[in-house]
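Here the structure is laid out as structure tokens; the discussion comes afterwards.
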Amino acid sequence: MRSEEVLGLAMAVWTSLLLLVVPAGSADVFVILLLIGLLVARALVGPYAAAGTNVRVDAFIALGLVVFAVFVVRRVYDVLTT
Amino acid sequence: MLAAAGQGRPYRGSWAAAGLGIILFLAGLAGAALGPPGLRWQLGTAGCFLGAFLFVVLGPRGAGLEGTGLPRQFYRTLDGLLGDLKLEGHGIYIAAGTQPGLRADRVFVPEGHEVTNLTATLDEATFVYGGPKGGVALDPPGRALLDAHEERIGARIGHAPLGELPVLLQDLSDGERLLKELSLRRSGDTIAARYRPGRYGVLCRQMQEDHPQLSRQLGCPTCSAIVLAVARATGRPVRIVSVGERQDEITLSLEVLP
């Protein structure tokens with residue numbers, strides 16, 4: 001099994017698990033846990049994957065970090081305005 | 001992977017994964033629009049993320065790089081091996097048929113920086129330890145790329161004039177074009193090569209960062225293909241003197257040996 005297939009399978013399993021475990025309405029928790037799973041998978045599989053694959057996965061991580069930043073800013077704003 | 005490159009077939013990845021990715025992405029959109037009220041965001045995010053991920057990482061373009069030389073794990077292993085054997089010399093590329101009894105292209109990594117005599121028995125992955133002939137002979141990382149390229153263009157690089165190599169190698173690719181604007185300048189026995197890496201030039205830069213010693217000894221797959229092409233064209237052993245990067249160009253300094 002290629003490293004990219006392992007990566008895809010791992011993310012499919014992790015996403016399915018999160019859908020079952022994360023309570024309804026907790027989209028931000030869902031996204032953050034998804035990002036954490038992606039970071040862990042990238043760290044474990046990265047050395048064995050082709051460089052181009054790592055570049056593509058890093059793009060998803062970058063997008064996830066942007067979304068995470070939006071969540072953090074929104075939460076900080078909520079805290080400051082209450 | 002190498003077999004695919006050797007046969008001139010770019011490695012295409014999985015169309016099934018790409019199709020599944022598209023289906024999951026659409027399912028995610030449908031889930032976001034039609035799913036249970038509390039779960040819409042999660043279903044939409046899960047479906048769209050997984051669909052996009054599979055499409056990009058496992059789809060045809062995502063896997064296209066596997067044929068580019070060898071995976072990073074190979075280079076980690078090789079770096080460790082050459083380090084453990086304390087082979088510190090710069091790689092010497094020798095084309096098939098240019099040394100007595102040599103039937104395949106080889107890159108010889110000597111023990112030291114001074115090589116007085118290339119060992120004659122280089123056909124297999126020879127390992128000779130100790131003395132001025134110590135070193136290891138390997139299959140060049142870029143050989144499969146170069147062979148596939150020759151088959152694609154229907155021409156042999158052996159004994160081609162050096163000035164024609166930039167034209168002959170301009171479409172060197174592995175599903176994706178690997179280099180642009182290759183230039184070769186010869187001054188005596190020194191050859192200065194420069195090229196702009198293609199879209200995935202990150203491979204060469206990453207190798208220079210992760211394995212600087214190995215980068216000088218063997219070069220990345222694209223550099224290896226270029227050096228081997230020079231060895232085939234000149235019919236003489238070619239040693240890598242240095243590999244570097246300057247202003248988005250990869251630079252190679254090569255020495256043609258007697």
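Order of the sequence lines sets the chain letters (A, B, ...), proteins ahead of strands, with each chain counted from 1.
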Side-chain touch Phe53(B)/Thr15(A), heavy atoms, less than 4.5 angstrom: no
Looking at chain B, which one of Gly64(A), Ala59(A), Ser16(A), Ser26(A) has the largest number of heavy-atom pairs inside 4.5 Å, strictly under? Ser26(A)
Just wondering, more than 12 heavy atoms not from Arg74(A) lying within 6.0 Å of its CZ? no
So for Leu63(A), is it side chain, backbone, both, or neither that comes closer than 4.5 Å to the heavy atoms of chain B? neither
Under 4.5 Å, heavy atom to heavy atom: which of residues 41-50 of chain B reach chain A? Give them by number, or say none. Trp41(B), Gln42(B), Leu43(B), Thr45(B), Ala46(B), Phe49(B), Leu50(B)
Residues of residues 28-37 of chain A near chain B, each having a heavy atom less than 4.5 Å away: Phe30(A), Val31(A), Leu34(A)
